[in-house]
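A short worksheet on the structure shown next.
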Amino acid sequence: MFGEIEGTGFEVLDPEFESCFIGHVRVERLWTGARWSEGPVWFAAGRYLLWSDIPNNRILRFDETDGSVSVFREPSSNTNGHTIDREGRLVSCEHLGRRVTRTEHDGSITIIADNFEGKRLNSPNDVVVKSDGSIWFTDPSYGILMDYEGARAESEIGACHVYCVSPDGQIRIAADSYVKPNGLAFSPDESLLYIADTGITHDPDGPKHIRCHKVSSDGTLDDGPVFATCTEGLFDGFRVDRDGRIWSSAADGVHCLNADGKLIGKVHIPEMVANVCFGGPKLNRLFICGTTSLYSVFLNVNGISPV
Ligand code: MG
């Protein structure tokens with residue numbers, strides 16, 4: 001069974017994809033009204049999803065119990081990517097604040113990183129927390145290139161790196177060979193770190209791929225060869241499922257790559273997709289941020305708890 005499954009949004013490019021979805025399940029559009037949807041994160045205990053509407057300077061909240069959507073925080077400092085740490089706290093990348101922050105259990109906000117060696121970060125884009133508590137984030141320049149989703153400014157660092165903040169608060173460069181580092185995610189056993197490079201946004205010959213780094217026991221990364229190149233648009237944010245597949249944003253929807261980097265299937269979405277995350281009590285519901293709208297689809301695979 002190859003090709004598009006009529007009316008579902010699923011497209012099978014390799015038989016391996018057939019086990020990943022249920023044939024009669026449909027993509028659902030849950031809500032619309034955003035300008036640029038990004039950064040979905042699932043809170044299992046509260047049964048809600050948060051995501052960013054970056055240009056509208058707000059964080060939105062989808063309540064799984066009744067399907068309602070409300071404003072969680074406004075202004076949001078133009079947050080982009082979010083994740084949840086091992087204590088269940090929201091960790092956010094802020095374009096306007098040019099920093100990564102954590103929302104504590106009492107609602108106060110703690111700065112995790114806002115500079116490297118005294119120079120302000122560009123505009124943190126996406127973030128993940130490793131099981132040891134270290135916080136890894138990308139710092140491309142999208143939020144300082146224009147006023148639309150942040151504030152125009154010169155880069156103080158003059159480059160776009162990937163950073164790691166250790167549990168004791170020390171920040172270091174984890175990778176310095178990226179043009180525009182963007183989405184990132186660990187493999188299920190955290191032995192691999194996948195990082196997208198969206199350099200093609202400002203250079204037609206620039207990268208539009210995901211690289212795969214081996215993570216050594218001391219937390220350093222290897223050179224990270226190219227893992228997969230996007231065939232439609234670019235890979236922005238993505239998540240890894242329990243079996244090691246990558247579910248990535250792309251121009252025509254969500255691309256599913258197997259652990260070898262092969263594109264095995266797609267979930268077509270009628271808008272450009274920027275990011276995804278697994279949610280629901282069983283982490284078998286993929287939430288999809290597609291430009292103006294929030295979509296979801298139930299899959300026959302499960303995400304990795306808690307991220
Ligand atoms: Mg991104």
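Quick caveat: nothing in here was measured; it's all calculated off a predicted structure. By convention here, the first residue in the shown sequence is residue 1. Because only heavy atoms are used, hydrogens play no part in the values below, and waters and symmetry mates are left out as well, while side chains stay in. Every number for a ligand or one of its atoms is a count from 1 in the order of the listing.
Of all heavy-atom pairs between S19 and N300, the closest is O-ND2, 3.0 Å.
Cluster annotation: I264 is connected to V25 through the hydrophobic network of ILVMFWY side chains, with a link wherever side-chain heavy atoms come within less than 4.5 Å.
The Mg ion (ligand 1) has an N, O or S atom of D236 closer than 2.8 Å. Among the atoms of T198, none of the N, O or S atoms falls under 2.8 Å from the Mg ion (ligand 1). Taking backbone and side-chain atoms together, T138 has no N/O/S atom less than 2.8 Å away from the Mg ion (ligand 1).
Take H202 and apply the ring-ring contact (aromatic ring centres under 6.0 Å, His included) test, not counting sequence neighbours, and it matches Y142.
Remark: R172 qualifies as a cation-pi partner of W136 under the 6.0 Å distance and 45° angle criteria applied to the six-membered ring.
To the nearest 10 degrees, the angle centred on the Mg ion (ligand 1) between OE2 in E38 and OD1 in N125 reads 130°.
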